[in-house]
Amino acid sequence: MYLIIDVGNSFVKLAVFEDDALKSKQVVKLKDVLKAVKSLRKKYLEIEKAIISSVGRLTESDTLVLSTLFDLTILDSATKLPFTNLYQTPKTLGVDRIALVCAAVKNFPKQNTLIIDAGTCITYDFVNANNEYLGGAISPGLRMRYASLNNLTANLPLLDTEMPESIIGDSTKSSIHSGVVHGVLNEIDGNIADYKEKYLDLTIILTGGDTNFLSKQLKSSIFANSNFLLEGLYYILKFNSI
């Protein structure tokens, strides 16, 4: 039994896997992570190994405590991976992106795969049929775009994410929704189209916090999987336990 600890920009996702099946998943605030992990430890006594993927602010003291509870792997650029990393600056490659590529390699072996993670940022990661990770792109996510319009202008309001009824906004609010949401959708569809021009046999994965919101609106055929990053971390932990 394996514990996955994914420390994001806003929250921490905790998942328990057994025999390739997701047994438990929860999302907690950073300040509550140790309490939540200890509770899982009591519930699942069979957990022996754990992995941390942190793009957030997990403290060294918290990490030390976790290392006393489990055989702990901390994902970084030196971790053994099941693909060839051709990124020019591997030490700057986000651990979340590494995990997503590992999930693609595991679930879609020997396929040209584009992984789109729609969260705080939208990341695009491409691994080819030769098991080589080539890189991708990073752009602002939905909430970042809404926030930037509010933060960097004098009069535009901060709005909750909402699907616009029309591409033509007839008020400031509907114009913001149209600009942000259609901008993201057109960006994603445009990127997919560019990749398909070069790789005809392309598999596309959409994951991240905005998966459900975006998936039905995209023109391209995709696999939507909100647990893809967790599955990738589980695969990395298993791969390093051999």
Is any side-chain heavy atom of F223 less than 4.5 Å from a side-chain heavy atom of L206?
no
Measure across H182 and S166 and return the closest heavy-atom pair with its distance rounded to 0.1 Å.
CE1-O, 3.7 Å
Between the CG atom in L233 and the CG atom in L229, the distance rounded to the nearest 0.5 Å is 5.0 Å
Looking at every heavy atom in both T211 and A224, which two are closest together, and how far apart are they?
CG2-CB, 3.7 Å
Determine yes or no for a side-chain-to-main-chain donor-acceptor pair under 3.5 angstrom, with T89 supplying the side chain and T92 the backbone.
no
Tell me whether D76 contacts the main-chain N or O of T79 through its side chain, where contact means a donor paired with an acceptor under 3.5 Å.
yes
Any chance you could lay out the salt bridge (Lys or Arg N to Asp or Glu O under 4.0 Å) test for K49 and D71, step after step, and finish with the verdict?
CA-CA 5 Å; K49 297 179 182 293; D71 179 1; 2.8 Å; yes
Qualifying residue, where the test is side chain to side chain contact (heavy atoms under 4.5 Å, CB included) with V12 and the options are I52, V28, V37, D32:
V28
Can you give me the closest heavy-atom contact between V95 and S53, atom names plus distance?
CG2-OG, 3.3 Å
Can you tell me if S178 uses its side chain to pair, donor with acceptor, with the backbone of S174 under 3.5 Å?
no
Given the rule that I, L, V, M, F, W and Y join up when any side-chain heavy atoms are under 4.5 Å apart, are Y124 and L100 in one cluster?
no
Which residues share a salt bridge (Lys or Arg N to Asp or Glu O under 4.0 Å) with D20, sequence neighbours left out:
K238
So V181 and L142, do their side chains get closer than 4.5 Å, heavy atoms only?
yes
Do V65 and K38 have side-chain heavy atoms sitting under 4.5 Å apart?
yes
Less than 4.5 Å apart, any side-chain heavy atom of V180 and any of I176?
yes
Under a 3.5 Å cutoff, is there a donor and acceptor pairing between the side chains of N131 and K110?
no
Q88 CD: over 12 foreign heavy atoms closer than 6.0 Å
no
Would a distance-only check, ignoring hydrogens and angles, find a side-chain to backbone donor-acceptor pair under 3.5 Å from N225 to N227?
yes
For the atom pair CG (L214) and CE (M163), what is the distance rounded to the nearest 0.5 Å?
6.5 Å
Are F228 and L114 joined in one hydrophobic group, where the rule is that I, L, V, M, F, W and Y side chains link up if heavy atoms are under 4.5 Å apart?
no
Nearest heavy-atom neighbours spanning A118 and I122:
CA-CG1, 4.3 Å
Student check: side-chain heavy atoms of S77 and L93 closer than 4.5 Å
no
Could E187 and R145 be called an ion pair, given the rule that one side-chain N must be under 4.0 Å from one carboxylate O?
yes
Spatial distance of atom CD1 (I138) from atom SG (C121) [nearest 0.5 Å]
7.0 Å
Side chains of T113 and L202 in contact at under 4.5 Å (non-hydrogen atoms)
no
Take a 6.0 Å sphere around CD1 of I168 and say whether it holds more than 12 heavy atoms from other residues, nucleotides or ligands.
no
Donor-acceptor check, side chain of R97 to backbone of T123, threshold 3.5 angstrom: yes or no?
no
Measure from the side-chain N and O atoms of T63 to the backbone N and O of S61, and report whether any donor-acceptor pair falls under 3.5 Å.
no
Is it possible for you to say whether L230 and L75 belong to one hydrophobic cluster, with membership spreading through side-chain heavy-atom contacts below 4.5 Å?
yes
CD (E48) with more than 12 external heavy atoms under 6.0 Å:
no
With clusters defined by side-chain heavy atoms of hydrophobic residues (ILVMFWY) lying less than 4.5 Å apart, directly or transitively, does L30 cluster with L40?
yes
Sidechain-backbone polar pair: N150 side chain, L156 backbone, donor-acceptor under 3.5 Å
yes
Tell me the closest heavy-atom pair linking P82 and Y235, and the distance in Å.
CG-CE2, 3.5 Å
Would you name the heavy atoms of S221 and I204 that are closest together and state the gap between them?
O-CD1, 3.7 Å
Y195 reachable from Y133 in the ILVMFWY side-chain graph, under 4.5 Å edges
no
Does the gap between the ring centers of Y2 and Y234 come in under 6.0 Å?
yes
Heavy-atom side-chain contact between I5 and L66 under 4.5 Å
yes
Any donor-acceptor pair under 3.5 Å from S148 side chain to M144 backbone
yes
Okay, side chain of N240, backbone of K80: is any donor-acceptor separation there less than 3.5 Å?
yes
What residues form a side-chain hydrogen bond (donor to acceptor under 3.5 Å, both in side chains) with T161, not counting sequence neighbours?
R143
Side chains of H177 and Y146: does their closest heavy-atom pair fall under 4.5 Å?
yes
Kindly determine whether I51 and L72 satisfy side chain to side chain contact (heavy atoms under 4.5 Å, CB included), including the steps that lead there.
CA-CA 6 Å; I51 186 170; L72 187 65; over 6 Å; no
Report the distance from atom OG of S226 to atom CG of D210, rounding to the nearest 0.5 Å.
11.5 Å
Just to verify, what does L134 make a side-chain contact (heavy atoms from CB on, under 4.5 Å) with, not counting sequence neighbours?
L86, F126, N128, E132, Y199
Test applied, side chain to side chain contact (heavy atoms under 4.5 Å, CB included); reference residue, V7; option that passes from L58, V33, L14, D96:
L58
